[in-house]
Amino acid sequence: MTDAADITLEVKNLTTRFGNARTGATVVDGVSFNLKRGRTTALVGESGCGKSATALSVMQLLEPPGEVIAGEVKLGGVDLMRLSDAEMTEVRGRRIGMVFQDPMTSLNPLLSIGDQIAETLTAHTDLSRREAEQRAVDLLTRVGVADAGRRVHDYPHHFSGGMRQRVLIAAAISCSPEIIIADEPTTALDVTVQAKILRLLYDLQQAMHASLLLITHDLGVVAAMADEVIVMYAGRIVEQADVDTLFHRPRHPYTKALLACVEGISDRAAALEPIQGMAPDLKDPPPGCRFAPRCPSVRDVCRRRDPRLAPYSARHDVACLLVGEEAADG
Ligand SMILES: Nc1ncnc2c1ncn2[C@@H]1O[C@H](COP(=O)(O)OP(=O)(O)O)[C@@H](O)[C@H]1O
Ligand SMILES: [Mg+2]
């Protein structure tokens with residue numbers, strides 16, 4: 001279905017570990033996915049399942065003892081894992097823009113807003129300092145900062161959380177990247193501001209025809225913004241499909257449970273009771289399916305055999321031993 005030319009980023013078998021082989025934890029375990037031009041791919045799953053580690057591995061921004069131990073990340077046919085630090089610095093910011101959760105820690109408190117955006121621009125383009133400053137004003141206006149010509153001289157602490165996130169988005173898009181990675185971009189913000197920031201990201205992604213990898217644990221946001229959805233559980237992808245299929249024909253019991261939590265929002269008791277039990281310790285995951293200890297449909301075989309992600313239909317992959325049976329049941 002997918003034209004290869006539409007793929008901007010190709011991630012294959014990405015495997016990331018914190019710590020050594022004996023005592024460490026493999027927190028991203030053989031993850032493969034593609035991002036498509038002009039499309040938004042949501043990466044969802046409970047806290048600790050490896051979403052941020054996946055994004056940081058792609059960007060090569062993991063802090064030790066985190067380490068990518070296997071896999072490829074191809075951008076335009078080039079494997080980013082083989083680039084030098086200098087080449088990777090060039091990719092970050094220019095070809096892949098990033099927006100992180102906490103806009104305060106991502107901004108330098110000692111630099112004016114204009115200087116931080118101009119810094120990205122002068123590092124990655126031929127613009128002069130003057131031109132970069134003018135571009136910073138244009139970018140701030142574009143992301144909805146009022147009176148940008150004056151505010152460009154202000155420092156991060158002069159801005160509200162929502163405005164700081166707009167500044168970071170301006171920096172992320174300053175070099176017109178083909179890919180934007182946003183990791184829980186609104187988690188630190190007031191609820192009323194969240195929707196505005198997501199709307200801004202959505203509008204920019206559409207206007208730039210960029211690929212957006214949107215990491216979130218909010219399925220309402222996924223429904224509103226995503227074209228494709230990847231569901232992670234305990235370091236692995238357990239299901240991926242286009243957004244309609246995932247919401248209307250989920251196949252993995254974990255995806256079904258996540259969706260049931262959202263449907264329960266009208267029903268307070270259900271909404272307050274997320275999926276029972278805890279995700280496994282990634283230092284010592286259970287044999288068989290990692291979701292088996294919490295799975296309402298679990299069978300004996302699930303505790304012995306490890307399901308691999310496999311095509312269920314044309315653009316729908318599931319890692320569950322029971323999906324074949326379920327299809328047979330109707
Ligand atoms: N610096 C670190 N050292 C050791 N383990 C870590 C570190 N950072 C994250 N982890 C572990 O990696 C796993 C995935 O974390 P993360 O990618 O942050 O999850 P998510 O973003 O989905 O909430 C978790 O089990 C977490 O405990
Ligand atoms: Mg995270």
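Each ligand, and each atom within it, is numbered from 1 in the order the structure gives. These numbers come from the heavy atoms of this one structure, side chains and all, not from hydrogens, waters or symmetry mates. Positions are given from 1, in the same order as the sequence printed here.
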For ligand 1, run through the N/O pairs with the protein that fall under 3.5 Å and put one pair on each line.
{"from": "ligand 1", "atom 1": "17 (O)", "to": "S52", "atom 2": "N", "distance (Å)": "3.3"}
{"from": "ligand 1", "atom 1": "17 (O)", "to": "A53", "atom 2": "N", "distance (Å)": "2.8"}
{"from": "ligand 1", "atom 1": "19 (O)", "to": "G48", "atom 2": "N", "distance (Å)": "3.4"}
{"from": "ligand 1", "atom 1": "19 (O)", "to": "G50", "atom 2": "N", "distance (Å)": "3.3"}
{"from": "ligand 1", "atom 1": "21 (O)", "to": "S52", "atom 2": "N", "distance (Å)": "2.9"}
{"from": "ligand 1", "atom 1": "21 (O)", "to": "S52", "atom 2": "OG", "distance (Å)": "2.9"}
{"from": "ligand 1", "atom 1": "22 (O)", "to": "C49", "atom 2": "N", "distance (Å)": "3.3"}
{"from": "ligand 1", "atom 1": "22 (O)", "to": "G50", "atom 2": "N", "distance (Å)": "3.1"}
{"from": "ligand 1", "atom 1": "22 (O)", "to": "K51", "atom 2": "N", "distance (Å)": "2.9"}
{"from": "ligand 1", "atom 1": "22 (O)", "to": "K51", "atom 2": "NZ", "distance (Å)": "2.9"}
{"from": "ligand 1", "atom 1": "23 (O)", "to": "G48", "atom 2": "N", "distance (Å)": "2.7"}

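- If you look at the Mg ion (ligand 2), the protein N, O or S atoms less than 2.8 Å from it are S52 OG.
- Classified by interplanar angle (parallel below 30°, tilted 30° to 60°, perpendicular above 60°), the ring pair F291/H252 is tilted.
- Taking 4.5 Å as the limit, every side-chain heavy atom of E239 sits out of range of all side-chain heavy atoms of Y254.
- Using modelled atom types and a 3.5 Å distance limit, the side chains of R294 and Y233 yield a donor-acceptor pair.
- Counting heavy atoms from C-beta outward, P185 and L214 have side chains that approach closer than 4.5 Å.
- For residues 134-187, no residue pair satisfies the ring pair (Phe, Tyr, Trp, His ring centres under 6.0 Å) rule, not counting sequence neighbours.
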Acceptor/donor pairs from residues 57-76 side chains to any protein atom, 3.5 angstrom cut, sequence neighbours excluded:
{"from": "S57", "atom 1": "OG", "to": "T16", "atom 2": "OG1", "distance (Å)": "2.8"}
{"from": "S57", "atom 1": "OG", "to": "A53", "atom 2": "O", "distance (Å)": "2.6"}
{"from": "Q60", "atom 1": "NE2", "to": "L80", "atom 2": "O", "distance (Å)": "2.7"}

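- By the 4.5 Å heavy-atom criterion applied to side chains, R135 and I117 are not counted as neighbours.
- Here the side chains of P287 and D306 are not in contact, with every heavy-atom distance at 4.5 Å or above.
- Put simply, the side chain of L35 does not reach to within 4.5 Å of the side chain of R39, judged on heavy atoms.
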